[in-house]
There are 2 protein chains.
Amino acid sequence: MVHSKGKKLVVVAKSNKLSASLEDYLEAIFNLAGESNVARSKDIAKLLGVAKPSVTGALKNLAKKGLVNYRPYGYVTLTDSGVAEAARVAGKHSIIKSFFVNILGVDAEVAQEAACKAEHALGPAIVSRLLDFTDFITQTNGSGSDLADKFKRFRKRRRQGSRKQISKQPRK
Amino acid sequence: MVHSKGKKLVVVAKSNKLSASLEDYLEAIFNLAGESNVARSKDIAKLLGVAKPSVTGALKNLAKKGLVNYRPYGYVTLTDSGVAEAARVAGKHSIIKSFFVNILGVDAEVAQEAACKAEHALGPAIVSRLLDFTDFITQTNGSGSDLADKFKRFRKRRRQGSRKQISKQPRK
DNA sequence: CATTATAGTTAGTCTCGCCTAACTTTGTCA
DNA sequence: TGACAAAGTTAGGCGAGACTAACTATAATG
């Protein structure tokens, strides 16, 4: 971990960086709005698996940051910067998930869930490379057989070869 | 995100799963103990960038879970299951970081920091594949030139090709 | 248009993880 | 060995983010 952190001059500026939680709300609104053009509190709650009052709180918070247009009992819409921010997060999500599924061959469900968490952990430097890498691998299957496929076979061989030692994963 | 979650029978069993924070403490102790065979509260605090009382709290917590041997004012050691758990976390960290550095070509500092966060987000299914994949790529450079190198050139070309559109990343 | 179901909000509480200030214990060294 | 520094702990507090219970506003329906 090794923090270090600014330490002294930190008091200022309530920080415009979003918490993982608020990023999740923003992304949820973005996705819901993308489908049906409206985002209802109810649906946000359902999508994120939280209770309704949690949504209200988050919306107020996002409104204070100028990312959503919030009016009590009204529909929720994203502001311009809200859209930008949400698109950024959703983009990360998509890149990460795509890597998991298309390169690593992870099950879509698992990849989806993992991407939800990882999108808050990985900065632009990594995600940008991940995108390039995924493209690189999927495009480079001109020179020979499909690399992702090769990997699948490699992995199968490896996992079969060492049954007893690794079996699966030291459970728990 | 899409939770769903057990929902009904969840009340029981205070959960033996560690929070991200506690995993960090455990990993820190593991690393410190590995180097000098003792883990002092002071060093844990420094390594994680937290205040001393936070360490005390975490240690009590870990002790309650049977992962560390904690005696007030004494040195901290890991129990057997503490070692197992810590090794698991540290293993994840190492696998993830290695992928970032050796495959994606990310700067070691950045990779270190990102791995710290990602290790809490990625489950065994993904990490196991990540390990295999990294090995696969680094071992498969027999058939032709080094793939990681190829990727580096691919990326350089790509980033140069699209200067204006992507330039870097929409800052903030 | 009145009733009722549904959506949303308010108020209050809880847990987690961190902090500072002040205290106690331990270790060091003259 | 006694004083002082360093390490560790206790007490108290704060913010984020979630929850439940109870209330209010909106929508739908006869």
Side-chain angles (χ1 to χ4, degrees), chain A residues 1 3-8 10-29 32 36 38-65 67-77 116-117 120, chain B residues 1 3-8 10-11 13-29 32 36 38-65 68-77 116-117 120:
Chain A
M1 266 250 136
H3 253 224
S4 99
K5 194 188 228 177
K7 192 155 200 196
K8 242 42 192 185
V10 187
V11 190
V12 210
K14 203 46 189 164
S15 151
N16 35 26
K17 265 202 101 182
L18 290 173
S19 66
S21 168
L22 287 187
E23 282 190 353
D24 282 339
Y25 282 102
L26 209 56
E27 193 182 2
I29 297 165
L32 289 170
S36 54
V38 291
R40 285 185 312 167
S41 200
K42 182 75 184 313
D43 299 325
I44 300 169
K46 189 175 181 187
L47 189 58
L48 295 180
V50 300
K52 290 176 290 170
S54 306
V55 177
T56 305
L59 290 178
K60 285 179 174 173
N61 226 320
L62 290 170
K64 201 159 52 183
K65 293 174 189 293
L67 297 170
V68 307
N69 302 116
Y70 170 70
R71 316 214 53 184
Y73 300 101
Y75 286 142
V76 181
T77 58
C116 278
K117 296 179 189 164
H120 307 300
Chain B
M1 265 250 137
H3 252 225
S4 102
K5 194 188 229 176
K7 192 154 198 195
K8 242 39 194 185
V10 188
V11 189
K14 202 49 188 159
S15 151
N16 37 24
K17 263 202 102 185
L18 291 173
S19 66
S21 168
L22 286 186
E23 282 190 352
D24 281 339
Y25 282 101
L26 209 56
E27 192 182 2
I29 296 166
L32 289 170
S36 54
V38 291
R40 285 185 312 168
S41 199
K42 182 75 184 312
D43 298 325
I44 300 169
K46 190 176 180 185
L47 189 59
L48 296 180
V50 300
K52 289 175 292 169
S54 305
V55 177
T56 303
L59 290 178
K60 285 179 174 173
N61 228 320
L62 290 171
K64 201 158 51 184
K65 292 174 189 293
V68 305
N69 302 115
Y70 170 70
R71 318 213 52 183
Y73 300 102
Y75 286 140
V76 180
T77 59
C116 279
K117 296 179 190 163
H120 307 299

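Proteins get letters first, then strands, A, B, ... in listed order; numbering begins at 1 in each. Not measured: the values here are computed from a predicted model.
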Checklist entry - Are any of B/T56's side-chain N or O atoms less than 4.0 Å away from OP1 or OP2 of D/dT9? => result yes
Next on the checklist: Quick check on D/dG17: is either OP1 or OP2 less than 4.0 Å from any side-chain nitrogen or oxygen of A/S19?
Outcome noted: yes
Spacing between [X] atom [atom1] and [N] atom [atom2], to the nearest angstrom:
X	N	atom1	atom2	answer
B/L48	C/dC19	CG	P	10 Å
A/K17	D/dA16	NZ	P	16 Å
A/I44	C/dT9	CD1	P	10 Å
A/K64	D/dG15	NZ	P	11 Å
A/N61	D/dA16	CG	P	7 Å
A/K60	C/dG8	NZ	P	14 Å
A/R71	D/dA25	CZ	P	15 Å
A/R40	C/dT9	CZ	C1'	17 Å

For [X], give me all partners under side chain to side chain contact (heavy atoms under 4.5 Å, CB included), at least two apart in sequence or on another chain.
X	value
B/Y75	B/V38, B/R40
A/S19	A/S21, A/L22
A/A63	A/V68, A/Y70
B/K64	B/N61

Next on the checklist: By nearest atom, which of the nucleotides D/dA18, D/dG8, C/dC18 is closest to the B/S21 side chain?
Outcome noted: C/dC18
Checklist entry - Among C/dG8, D/dC19, D/dG8, which is the nearest nucleotide to the side chain of A/A51? => result D/dC19
Checklist entry - Tell me, do B/V50 and B/I44 make a side-chain contact under 4.5 Å, heavy atoms counted? => result no
Checklist entry - Can you find a heavy atom in the side chain of B/T56 that is under 4.5 Å from one in the side chain of B/K60? => result yes
N/O-N/O pairs, protein side and nucleotides 22-27 of chain C side, under 3.5 Å:
none

Checklist outcome for this item: Residues A/H120 and A/A20: closest non-hydrogen pair is CE1-O, 3.4 Å
Item to check | Nearest non-hydrogen partners of A/D24 and A/L48, listed with the distance | outcome: O-CD2, 3.9 Å
Checklist entry - Can you check side chain to side chain contact (heavy atoms under 4.5 Å, CB included) on B/Y25 and B/L59, steps first, answer last? => result CA-CA 8 Å; B/Y25 282 101; B/L59 290 178; over 6 Å; no
Checklist outcome for this item: To the nearest 10 degrees, the angle between the two end axes of the helix from C/dC1-D/dG30 to C/dA30-D/dT1 (five pairs per end) comes to 0°
Checklist entry - Mapping A/S54 and B/Y70 to their closest nucleotides on DNA chain D, which lands nearer the 5' end? => result B/Y70
